[in-house]
Amino acid sequence: MKQILIQRAGKPEVLTMQETPAHVPSNGQVRIKVEVCGINFADILGRMGIYPDAPPIPYVPGYEVAGVVDMVGQGVTGLEIGDPVFALTQFGGYSNSVCVPYKQVFKRPTWMSAQDAAALPVNYLTAYIMLVVMGALHGTDKVLIHGAAGGVGLAALDICKIMGAETFGTASPSKHPFLQERGLTHAIDYRNLDYARVVQDITDGRGVNLILDPLGGVNWMKNYNLLRPTGRVVYFGASSVATGKRRSLLATAKLLFSIPRFSPLQLMNDNRAVMGVNIGHLWGEAESLGRWMEQIVAWYDDALFRPQIDKVFSFDEATEAHHYIQDRKNIGKVLLRA
Ligand SMILES: NC(=O)c1ccc[n+]([C@@H]2O[C@H](COP(=O)([O-])OP(=O)(O)OC[C@H]3O[C@@H](n4cnc5c(N)ncnc54)[C@H](OP(=O)(O)O)[C@@H]3O)[C@@H](O)[C@H]2O)c1
């Protein structure tokens, strides 16, 4: 099988292709012949050597794939050879063949393309957990989505639209026409303006009900302070640490020094909630993940959304694909064709 390996920490050029014999699924696993796999920002942080959850380098990154089951291990129920599927993988997704515990595998309706399916697991589950499961999203909420044109950001926008919420989204200005067309209520140019000031101006100083923060650093407190009473902020990333294409000790130190402390008394008096989500720590919740994915697929079936696929790179172009994302060129999902 063909795989993309992070050989050492560094720039996108450290990604290399390797050929190894395909694995045989062990008990409770199925093997998927992969058509496409998703690229996530976590893969980029892993490649830079600053992703705390990553296995020791060298390793094969990748959290999600779509394809067809081509081998079934013992003890697997509900899946057969030939089934079109998509899955969450705990690393190893940048591969044209991958073995996955069957509980992390979702059946793909025949009318769902492999590309659409590969764009669902990480982006839509993360957005769903933040907004619906933990964020108690309501149709009257005002929601601030950072990185609105990224994979998770667009998934969050889709879910907010389905629920009827008013959306504020930060993104590079070139991406605003697309976002407005897709239904974002207020596009904010965070590269040139102070997003907190813009949000305060639009809301007459009242702030918003729900904020999704993948940025970290100084944004942790900045976002907390943008919540109106009963507001919730969900922290789910630290992309501000990726200042270049290689690890920066200064950026890491800045991030660590800006970690806020929250006191229960302060939270009570502010009437605010602070939450965190890391889908990579939910492997033990496969049943819940399956239930949440059922809702996402039901919305897909009802044509309430379609994931925005920006670009599909070939395996040979994995390096270019990582550059593309870090150069902030993507609107929506970037995939690798196996
Ligand atoms: N905790 C979890 O479970 C979980 C799951 C998935 C993702 N995440 C986090 O969510 C964030 C978005 O992930 P994603 O996969 O949706 O991203 P993505 O699709 O790769 O989007 C990347 C976009 O993020 C923006 N961006 C912000 N800071 C950046 C930086 N330092 N370098 C390059 N781009 C930057 C850029 O958009 P603009 O041009 O608009 O700035 C860029 O186009 C990341 O922080 C990721 O780690 C967390």
Side-chain angles (χ1 to χ4, degrees), residues 11-12 37-48 50-54 61-64 88 90 93 118-131 133-135 145-158 169-179 184 187-193 195 211-220 234-248 251-252 254-255 275-283 285 289 292 307-311 313 321-336:
K11 291 181 175 178
C37 55
I39 300 184
N40 289 287
F41 208 79
D43 311 338
I44 287 173
L45 298 178
R47 194 208 72 228
M48 293 168 71
I50 50 175
Y51 193 61
D53 290 344
Y63 273 111
E64 59 197 350
L88 278 165
Q90 195 172 2
L120 297 186
V122 173
N123 291 167
Y124 281 82
L125 274 174
T126 304
Y128 185 87
I129 294 165
M130 293 193 292
L131 291 167
V133 179
M134 295 177 73
I145 304 165
H146 288 287
V152 178
L154 281 175
L157 175 58
D158 286 346
T170 63
S172 292
S174 61
K175 302 175 182 177
H176 288 196
F178 172 88
L179 287 167
L184 179 71
I188 301 174
D189 172 9
Y190 81 116
R191 309 282 304 272
N192 299 301
L193 300 172
Y195 67 79
I211 303 179
L212 308 185
D213 177 1
L215 305 168
V218 294
N219 300 284
W220 277 321
V234 189
Y235 299 120
F236 71 110
S239 51
S240 62
V241 77
T243 48
K245 290 182 181 170
R246 302 172 77 150
R247 176 171 48 188
S248 154
T252 309
K254 271 191 185 168
L255 185 86
M275 296 177 269
V277 165
N278 184 345
I279 197 173
H281 289 202
L282 284 173
W283 305 112
E285 302 297 326
L289 290 170
W292 300 329
Q308 171 66 20
I309 312 296
D310 180 292
K311 198 158 175 172
F313 290 86
H322 273 217
H323 274 299
Y324 187 77
I325 293 173
Q326 284 200 277
D327 291 337
R328 299 171 187 258
K329 290 183 178 160
N330 65 309
I331 297 183
K333 193 73 188 173
V334 180
L335 300 168
L336 285 178

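Remember, it's 1-based here, ligands and their atoms both numbered in the order they're listed.
For ligand 1, none of its N or O atoms has an N or O atom of Ala42 under 3.5 Å away. At least one N/O-N/O distance between Arg328 and ligand 1 falls below 3.5 Å. By the 3.5 Å distance cut-off applied to N or O atoms, Ala171 is not counted among the residues near ligand 1. Some N or O of Tyr190 is nearer than 3.5 Å to an N or O of ligand 1, by distance alone. Distances between N or O atoms of Thr170 and those of ligand 1 include no value under 3.5 Å.
The closest protein non-hydrogen atom to atom 14 (P) of ligand 1 is Phe41 CB, 4.1 Å. The closest protein non-hydrogen atom to atom 3 (O) of ligand 1 is Ile279 N, 2.7 Å. Of the protein's non-hydrogen atoms, Phe236 O, 3.7 Å is the one closest to atom 9 (C) of ligand 1.
For atom 45 (O) of ligand 1, the choice among Gly147, Pro214, Ala119 with the nearest heavy atom turns out to be Pro214.
Per-atom contact check: atom 24 (O) of ligand 1 does not touch the protein, criterion being a heavy-atom distance below 4.0 Å.
Heavy atoms from both the backbone and the side chain of Ser172 come within less than 4.0 Å of ligand 1. Contact annotation: for Lys175 versus ligand 1, heavy atoms closer than 4.0 Å belong to the side chain alone.
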